[in-house]
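The structure appears right after this line, and notes come after that.
Every number for a ligand or one of its atoms is a count from 1 in the order of the listing. Note: hydrogens, waters and symmetry copies are ignored here, and every other heavy atom, side chains too, is used.
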Amino acid sequence: MTDGLSANLQHLETSATIAISAEARRRKAAGEDVIDLGAGEPDFPTPQVPAEAGIRAIKDGKTHYSANEGILELRAAAATHLSLLSGGRPVNADHIVVSNGSKQSLFNACFTLFGPGDVVAIPAPAWVSYPQIVHLARARPVMIAGDPEWSLKASVKDLARMLPGATGLILCSPCNPTGAVYTHAEIRAIAQWATERKVWVIADEIYRRIHYGTGPAPSFLDLPEDLLERVVLITGVSKTYAMTGWRVGFALAPAKIAKAMAALQSHTTTGANHPAQFAAAAALGDERVEQDVQRMVGEFRKRRDIVVSRFRQDLPGVEFVDPLGAFYFFFRVDSFGKITGTDFCTRLITQSGVALVPGAAFGDDRWVRLSYAAATDSIKQALDRIVSFARKLGD
Ligand code: PMP
Ligand code: GLU
């Protein structure tokens with residue numbers, strides 16, 4: 001699509017996840033009966049405490065530029081929050097940079113750390129925006145196929161097979177699109193491997209709190225300091241607090257990198273939305289909001305169980321990744337015959353009115369992603385439609 005456009009955009013494609021939600025909205029507006037299980041965003045309203053803090057911030061005139069790196073209230077709240085999630089370890093608020101959503105934090109990190117000639121490893125299937133963001137930094141993404149026997153996760157052995165001289169690795173756990181979660185031992189092994197080879201790790205932990213095991217999912221922050229010298233941790237409020245539209249995310253990075261990322265965004269966005277930062281600060285660490293989070297995660301868990309048991313019961317033999325975190329269910333469609341994920345999703349939305357995301361968006365079109373961040377009744381109705389559609393394919 002680069003005719004007449006800068007080489008900066010030579011690999012650019014519109015985000016497939018965003019495009020599918022837009023397509024579902026368009027069909028609904030045109031009067032079609034479409035259930036959208038494509039979008040990866042919580043369907044719950046933003047909890048009252050942050051919502052009111054945002055309104056108060058606007059009324060109090062917090063409506064001008066904020067510091068590039070974000071307001072101190074939010075950086076301090078984020079540091080305390082991250083510290084508490086990882087057993088009270090020290091987290092320095094000065095190493096946190098707040099951005100307009102963690103998508104911008106990821107962009108800042110990649111643009112700061114990588115450039116022409118750099119190779120960045122991305123365990124695949126992977127969230128659609130990682131390779132795109134690496135390309136925008138003019139570096140080269142290399143997709144490392146995850147092990148199908150191991151929830152499509154990449155091991156140190158898989159990483160060792162990657163091109164020598166790689167500069168970076170982007171790791172997402174809990175994983176979008178698979179729902180897989182890396183264990184503490186796996187994270188430690190990857191961090192050790194990266195430290196030895198001087199590879200920068202961008203650890204996307206945006207789904208850390210949406211975990212169906214005990215407590216938050218294992219994190220790079222659970223590791224000792226000497227394994228974190230080349231780690232940039234990405235998180236934000238979008239998923240945990242149902243705050244996707246507020247656009248607040250943040251990165252925790254070594255001092256020099258944090259400073260560079262703040263300087264970078266001083267020329268792009270001048271920092272994050274100012275009142276939204278107060279809303280995010282109010283969300284972190286408030287007891288009432290904690291209860292909202294527990295309730296939302298509990299709901300996600302119930303919906304996950306509904307999806308898993310329905311697939312087990314009505315589509316036995318269909319392979320899927322055991323979903324341990326996030327709100328995605330990733331299943332394989334090639335057992336239905338000669339059909340790609342893209343064909344499956346195109347036919348499903350046209351014939352049965354359910355929007356899902358083809359695996360092609362994540363690097364493997366034998367699979368399809370279903371997001372269960374939707375009302376339970378819609379999920380049940382969508383499952384009825386998926387089951388009867390899939391059974392017909394098998395006939
Ligand atoms: N990382 C992952 C893995 C995601 O799924 C998303 C979804 N939007 C993001 C980052 C970006 O989230 P946001 O910009 O809303 O913080
Ligand atoms: N991350 C979500 C998804 O994968 C939201 C859309 C996006 O930002 O890609 O569906």
Side-chain angles (χ1 to χ4, degrees), residues 13-25 36-43 46 50 70 74 78 96-110 122-134 152-153 169-182 202-211 217 219 232-252 265 268-269 272-273 276-277 279-280 283-284 300 323 325-330 345 355-363 367-374:
E13 283 169 25
T14 305
S15 161
T17 45
I18 299 284
I20 281 152
S21 297
E23 169 72 6
R25 264 199 297 272
D36 183 8
L37 302 188
E41 63 172 336
D43 55 312
T46 296
L74 175 54
I96 291 178
V97 180
V98 181
S99 298
N100 289 281
S102 66
K103 213 178 254 186
Q104 192 193 3
S105 310
L106 283 159
F107 177 84
N108 284 347
C110 288
I122 306 175
W127 180 48
V128 61
S129 292
Y130 297 145
Q132 286 286 322
I133 292 173
V134 170
L152 294 169
K153 293 190 277 186
L169 166 72
I170 304 182
L171 197 82
C172 183
S173 179
C175 178
N176 178 3
T178 61
V181 174
Y182 284 75
I202 298 182
D204 185 345
E205 298 188 357
I206 185 108
Y207 295 102
R208 183 173 178 206
R209 300 293 309 282
I210 305 172
H211 179 228
S219 163
V232 177
L233 188 119
I234 306 287
T235 186
V237 295
S238 284
K239 315 289 175 174
T240 310
Y241 304 104
M243 291 179 72
T244 44
W246 295 79
R247 310 307 304 128
V248 177
F250 31 91
L252 170 68
Q265 72 181 22
T268 55
T269 57
N273 175 316
Q277 293 185 61
L284 294 166
F300 288 138
F327 33 62
Y328 303 113
F329 179 78
F330 203 56
C345 292
L356 302 180
V357 184
F362 313 108
W367 299 76
V368 163
R369 188 191 82 176
L370 177 157
S371 159
Y372 48 89

So, Ser99 versus Asn108: side-chain donor-acceptor pair below 3.5 Å or not? yes

For atom 1 (N) of ligand 1, what is the nearest protein heavy atom, given as residue, atom name and distance? Asp204 OD2, 2.6 Å

Honestly, for Phe327 the part within reach of ligand 2 (heavy atoms, under 4.0 Å) is neither

For the 3.5 Å polar cut-off, considering only N or O atoms, please tell me whether Asn100 and ligand 1 meet it. no

Mark yes or no: Lys153 above the aromatic ring of Tyr182, with NZ or CZ under 6.0 Å from the six-membered ring centre and no more than 45 degrees from the axis. yes

With heavy atoms under 4.0 Å as the rule, classify the contact between Lys103 and ligand 2 as side chain, backbone, both or neither. side chain

Check each atom of ligand 1 against the heavy atoms of Ser238 and keep those under 4.0 Å away; list them by number with element. 13 (P), 15 (O), 16 (O)

Quick check: does any side chain N or O of Ser371 sit under 3.5 Å from a backbone N or O of Ala373, one acting as donor and the other as acceptor? yes

Distance from Ser173 atom OG to His211 atom NE2, nearest 0.5 Å? 8.0 Å

Ignoring hydrogens and angles, state whether a donor on the side chain of Tyr328 or Tyr207 is under 3.5 Å from an acceptor on the partner side chain. yes

Provide, to 0.1 Å, the distance between atom 8 (N) of ligand 1 and the closest protein heavy atom, together with that atom's residue and name. Lys239 NZ, 3.1 Å

In ligand 1, the atoms that come under 4.0 Å of a heavy atom of Ile206 are 1 (N), 2 (C), 3 (C), 16 (O)

Between Tyr130 and ligand 1, does any nitrogen or oxygen pair lie at a separation below 3.5 Å? no

Would you mind running through ligand 2 and noting each atom that sits below 4.0 Å from a heavy atom of Lys239? 1 (N), 2 (C), 5 (C)

Within-cut-off N or O pair, Tyr207 and ligand 1, under 3.5 Å: yes

Using a heavy-atom cut-off of under 4.0 Å, does the side chain or the backbone of Ile18 touch ligand 2, or both, or neither? side chain

Any nitrogen or oxygen of Gly40, side chain or backbone, less than 3.5 Å from one on ligand 2? yes

With Phe250 as partner, the option from Ile234, Thr235, Leu233 fulfilling side chain to side chain contact (heavy atoms under 4.5 Å, CB included) is Thr235

Is any side-chain heavy atom of Leu106 closer than 4.5 Å to a side-chain heavy atom of Ile202? yes

Taking the minimum heavy-atom distance to atom 6 (C) of ligand 1, which of Trp246, Tyr328, Trp127, Phe250 ranks first? Trp127

Would you name the heavy atoms of Ala326 and Cys175 that are closest together and state the gap between them? CB-O, 4.2 Å

Atom CZ of Phe329 and atom OG1 of Thr178: how far apart are they, to the nearest 0.5 Å? 12.0 Å

Any residue meeting side-chain hydrogen bond (donor to acceptor under 3.5 Å, both in side chains) with Arg209, in chain and number order, not counting sequence neighbours: Glu290

Please write down residue, atom name and distance for the protein heavy atom closest to atom 9 (O) of ligand 2. Thr17 OG1, 2.6 Å

So CZ of Phe107 and CD of Gln132: to nearest 0.5 Å the spacing works out to 12.0 Å

Take every heavy atom of Gly40, measure it against each atom of ligand 1, and state whether any distance is under 4.0 Å. no

Any idea which atoms of ligand 1 are less than 4.0 Å away from a heavy-atom of Cys172? 3 (C)

d(Ile20 CD1, Cys345 SG) to nearest 0.5 Å is 6.5 Å

Proximal atoms of ligand 1 relative to Asn176 (non-hydrogen, under 4.0 Å): 3 (C), 4 (C), 5 (O)

Backbone, side chain, both or neither: what part of Phe327 comes under 4.0 angstrom of ligand 1, heavy atoms only? neither

Heavy-atom distance to atom 14 (O) of ligand 1: which of Glu205, Glu41, Arg247, Gln104 wins? Arg247

Using a plain distance cutoff, I'd like to know if Ser129 has any nitrogen or oxygen under 3.5 Å from a nitrogen or oxygen of ligand 2. no

Atom 10 (O) of ligand 2: the protein heavy-atom neighbour that sits closest, reported with distance to 0.1 Å: Arg369 NH2, 2.8 Å

When you look for heavy atoms under 4.0 Å from ligand 2, do you find them on the side chain of Asn176, its backbone, both, or neither? side chain

Give, for atom CG of Leu171 and atom CG of Asp204, the distance between the pair rounded to the nearest 0.5 Å. 9.0 Å

Does either side chain, that of Ser219 or that of Glu205, offer a donor lying less than 3.5 Å from an acceptor on the other one? yes

Looking only at protein heavy atoms, which one is nearest to atom 11 (C) of ligand 1, and what is the separation? Ser102 OG, 3.2 Å

Where ligand 1 meets Gly101 - atom numbers and elements under 4.0 angstrom, heavy-atom basis: 14 (O), 16 (O)

